[in-house]
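A quick write-up on the structure given underneath.
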Number of protein chains: 2
Amino acid sequence: MKVEPRTLPGFMELLPSKQIQFNVMVDKIRKSYEKFGFLPLDTPIIEMSDVLLAKAGGETEKQIYRFNKGENDLALRFDLTVPLAKYVCEYYNDLTFPFKRYQIGKVYRGERPQKGRYREFYQCDIDIIGDENLSIINDAEMPAVIYSTIKELGFDNFTIKINNRKILNGFFEELLLKNESIEIMRIIDKLDKIGENKVIECLEDLGIESDKISKIMSFIKINGSVDEMLAELEKLKITNELFNQGLSELSEVINYVKLVIPESYFKIDLTIARGLDYYTGTVYETFLNDYRELGSICSGGRYDNLADFYTDKKLPGVGISIGLTRLFSKLSEMNLIQEEKKSISKVLVVSMSEKLDTALKVCSIFRDNNINSDVYLENKKIKAKFKYADKLQIPYVAVIGEEEEKNETVSLKNMETGEQQELTIEEAIKILTE
Amino acid sequence: MKVEPRTLPGFMELLPSKQIQFNVMVDKIRKSYEKFGFLPLDTPIIEMSDVLLAKAGGETEKQIYRFNKGENDLALRFDLTVPLAKYVCEYYNDLTFPFKRYQIGKVYRGERPQKGRYREFYQCDIDIIGDENLSIINDAEMPAVIYSTIKELGFDNFTIKINNRKILNGFFEELLLKNESIEIMRIIDKLDKIGENKVIECLEDLGIESDKISKIMSFIKINGSVDEMLAELEKLKITNELFNQGLSELSEVINYVKLVIPESYFKIDLTIARGLDYYTGTVYETFLNDYRELGSICSGGRYDNLADFYTDKKLPGVGISIGLTRLFSKLSEMNLIQEEKKSISKVLVVSMSEKLDTALKVCSIFRDNNINSDVYLENKKIKAKFKYADKLQIPYVAVIGEEEEKNETVSLKNMETGEQQELTIEEAIKILTE
C-alpha cells in the first residue's frame, strides 16, 4: 500500500525555476534591509502558547496552530512581532538600543483555505526598538527602506503613503467622535476599495450626524503635494492637542523623508489608518501604481509599546513588513517577476563519449573559479544532455569531444544564440565569469 | 499580570553578533551547494501525518510533533529527506532528472532536552535523484562538495571517510553472518568511540564465533592509502558477488574523487557504516582531525530507492547532510567560528549636534553606494553614539560636526586603530568599499 504524496492546501511549494525567482526576491530584500544596518534575527517557529498568545485574542487565536507535546502547551508563531517582543524582553540586557533587527521567516495561520490566502507564509520584517524613547526621525527611515527595497525588487512606479494616526484620532476627538474613532478609521481605510458613497453609507450606519460626515469626507479628501497637504491641515486651525502633535510629527517625518527619497515616491494620505490598534503614530502603506489591485505590498507604523504584556519597560518602536508569499504568488500570476536569474548553474559540462574524467576535471576547474557549474554524468545520448541544459535554462554548455580532449579545450555553446566556439579553459572561464 | 517571556529548551536563539556568524555559515554552505549546480527547494514545515510518517517508525515516530487542526492530522517535518521524497513524487512530471536539489531548513524532533541536542535545528542537505538509474560517478561528486564546503567554512585539516555498505554486507554474507549484518555494522561503526576490546565484547555478546570475530577485526583494521586498501581488499579473493560489486563501485568512486580533490583529504574506512538501513552503497562521514570529539560533521550516502513508500518508480539517489545547529553550537563553544564578519553595518554616521539632516543625507549617499550604513538618530551625548558603534562592532564611524558640515566632509574614524581623518564623501566611500 502506497501513501499518496501530497502537500497541504494553503502551503506554497514551488518548482525549482520559481524557487530560484523567489530566492532572488528574498536575497534582494535581505540585502536592502542590511544596507540600512538592520541586524539579523531568527527565532523559533514553536513557542509556549502563553508566551505567544499573551496579547492575542479573537481571530488570531482561532487561527493559531496550537498543540500539546508532553506537558507543554505549544503554538506556532503567527507573526514575527510577538517573537520580537519576547526576544527583546528576554535578552534586554544583552541588546544595544535602539535595537534594529530584520527577520525573514515563515509564520502560520490556520485560515480557511482560499485563493491567495496562505497558511504558511513568509514575512519580511524590520523594526527599530527604542529603550524608553525613540526619536521620531526613525519614522523617516522606514520610507527610505521601502523605497530602496521596492526599487531593488525592480519596480519604479510606486507610492509610499504616509499618515499619522494621531491626526485622525485628534480630528475625531475634535468632532466629539472619540468612541467611534476606531470604527471610523476602519471605514475610511476602505475608501479606495468601496468608494465614497459606500463610505458615507457606512458612516451613516454608525449613527454619525450628516454634518460630521461632511466634515470627515472633506477632511479625508484633502489632497495635493505633501507641502500643500501639511498647509491645508494647518489651515484647519484645529485646537485638539493630539491632532497637533500628530501634525507636527508628520511634518517632521516628511521633512526628513524629503532628504532621502524623491518626492514623486511618497505622499500623505489621510485615509491610511492600518487595521491594527497596535499603531499609535506614523503609518505607512505602499502601492504599485500600475497594480493597485495588489493592495499595499509593504506596510507598517509606529507603536508606543512593543511588549507591555511582558514588561513594564517602555519599548516604543517603528517597523514595516512585506508579506512575501502572497506578493510573490500574485506577481508570479501577473507575470511581473523579474526573470534576471533563470538557473543556478552558469554552465553544464558534457562529454561526447562515455569517458567522463576530463569533463569532471574541467567542471572542477570552473567551480574553483567560482562559476556555478553542473556536469552531466549519466550514460545518455548527447541530445539528452543538451535537453537537460535546456530544461534547466543553463545558459552555456561546455562540450568535450575527442578534438577538445586532444587540444585541451572545450567547445562552449551559448544556449540562447546557438553560437559555439572552441576555447581554451582560460578563455571559457573568462566568458563564464563575465 | 505580565507573562514571562521565555524560549523553549532545545530551541536555539542567538544574540545578533552570533546570528551574524551563523548566517555567514549558512551563506557559505548555500554558495558551495550552488557552485555544484544544486537547485534550491523549500518545502512546508507542516505536512499530513500519513505522508510524513509513511516510512517512519520507532524512535522517529515518538519524537514527532504531531497534532490535529480541524479535521487534519498534521506533523512537523523531522528531516528534509521525506519532504524531498514527497516532492519528487508529487512533481515528478515537472522535474528534470537527475534532479539535484539542496535544501537548508529547520526540522523538528521532540527529543528529551539535553546538552547539545536540539528540538529545532537546521539541516543543510543536498541530494541527486535519478529516474530509474543514477550513475555511480555521482557518488564521487559528494566528496567534492564536502571538500569545497568544509574548506569554505574555514577548515583545512579534515578527512572525508568513504566506504561502501555492499563491501560490508558482502563480507558478512561470506562469513555466513547475513542475518547479523545490521547489528555488526552498528557495533563496528562505534569502533572509534568504544575501542577494539569493547567491539570484540559486543560481537561476542551477539553470539558470533571467535574465528569469525578475528576475521571481522582484521578486516576492519585494514588500513593505508586508498590504493593500498583497494589492493588489500582485492587480495582477500572474496567470491561473494555483493562484496565484489561494492569493491568495484568503491574503486570507481575513488578514482573519480582523486581527479577533483587532493588525496590527503579522503580515505577509505571500513568501519564507516552509517546507522540508517536506508543506505545501500557508498557512505560518507567527515571529521575535523583536530576535533574528533565533534563526530562526523557531514555525512550521507547512496540509496536505491528514495520513495518506495509513495511510488513504484525506482528513484535511486545519493546525498549528504550537515546538521548546522549542532555544528554551530559546538564550534561556537570551542571558539572555532571564523569571525571574519562581526557587524552588518560598515559605518555608523553620527552628528556632533542635534541637527541630523546632513547625517541622514550622508548615510543615504553611503547606502546608494551599496555600503551597509547605520545612522544614530537619538538625542544622546556623543559618547553614547560611539558606544553604540563599539557594541555593535561597526568598524567605522563617520562624524559630522560644524567643520565637516561647512567643508562638506566627514571625519572617518577607524574604530579598530582609533585613526581619524577628515575626508570628502567620495574619499570616505572609497575607504568604506575597500
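Only a predicted model underlies this, so the values are computations on that prediction, with no experimental measurement involved. Just so we're on the same page: letters track the sequence lines, and every chain starts at 1. Below, each value reflects all heavy atoms present in this structure, side chains not excepted, and no hydrogens, waters or symmetry copies.
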Return the minimal non-hydrogen interatomic distance between [X] and [Y], and the atom names on each side.
| X | Y | answer |
| --- | --- | --- |
| A:E378 | B:N138 | OE2-ND2, 2.8 Å |
| A:N370 | B:K35 | OD1-CD, 3.7 Å |
| A:E34 | B:K341 | OE1-NZ, 4.0 Å |
| A:V260 | B:S364 | CG1-CB, 3.5 Å |
| A:V3 | B:Y310 | O-CD2, 3.3 Å |
| A:T311 | B:K2 | O-NZ, 3.4 Å |

Chain A heavy atoms under 4.5 Å from [X]: which part of the residue, side chain, backbone, both or neither?
| X | value |
| --- | --- |
| B:F121 | neither |
| B:L14 | backbone |
| B:Y388 | both |
| B:D390 | neither |
| B:I394 | neither |
| B:K106 | side chain |
| B:E152 | neither |
| B:D50 | both |
| B:K346 | neither |
| B:F99 | side chain |
| B:S17 | neither |
| B:A54 | both |

Tell me whether the count of non-hydrogen atoms from other residues, nucleotides or ligands lying under 6.0 Å of [atom1] in [X] goes above 12.
| X | atom1 | answer |
| --- | --- | --- |
| A:E132 | CD | yes |
| A:K355 | NZ | yes |
| A:K361 | NZ | no |

*Under 4.5 Å from any heavy atom of chain B - which part of A:D368*: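 Answer is neither: A:D368 stays 4.5 Å or more from chain B.
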*Which portion of A:F97 sits near chain B, non-hydrogen atoms under 4.5 angstrom*: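 Only the backbone of A:F97 comes within 4.5 Å of chain B.
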Heavy atoms, side chains only, cut-off 4.5 Å: are [X] and [Y] in contact?
| X | Y | result |
| --- | --- | --- |
| A:P40 | B:I344 | yes |
| B:P44 | A:L8 | no |
| B:E141 | A:L377 | yes |
| B:L39 | A:S345 | no |

*asked:* Tell me which pairs pass side-chain hydrogen bond (donor to acceptor under 3.5 Å, both in side chains) where either residue lies in residues 84-93 of chain B, with sequence neighbours left out.
replied: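 Of all non-adjacent pairs touching residues 84-93 of chain B, those that pass side-chain hydrogen bond (donor to acceptor under 3.5 Å, both in side chains) are A:T7-B:K86, A:T7-B:E90, A:E13-B:K86, A:E13-B:Y91, B:E47-B:K86, B:Y92-B:D131.
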*Among A:I45, A:I46, A:L76, find the residue that satisfies the side chain to side chain contact (heavy atoms under 4.5 Å, CB included) test when tested with B:I45.*
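Exactly one option meets the side chain to side chain contact (heavy atoms under 4.5 Å, CB included) with B:I45, and it is A:I45.
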*Could you check B:D27 against A:R30 for salt bridge (charged side-chain N to carboxylate O under 4.0 Å, His left out), going step by step and ending with a plain yes or no?*
CA-CA 12 Å; B:D27 290 345; A:R30 176 180 167 193; 2.7 Å; yes
_Plane angle bin for B:F67 and A:Y65 - parallel if under 30°, tilted between 30 and 60°, otherwise perpendicular_ = perpendicular
*Looking just at side-chain N and O atoms, do A:N372 and B:Y33 make a donor-acceptor pair shorter than 3.5 Å?*
no
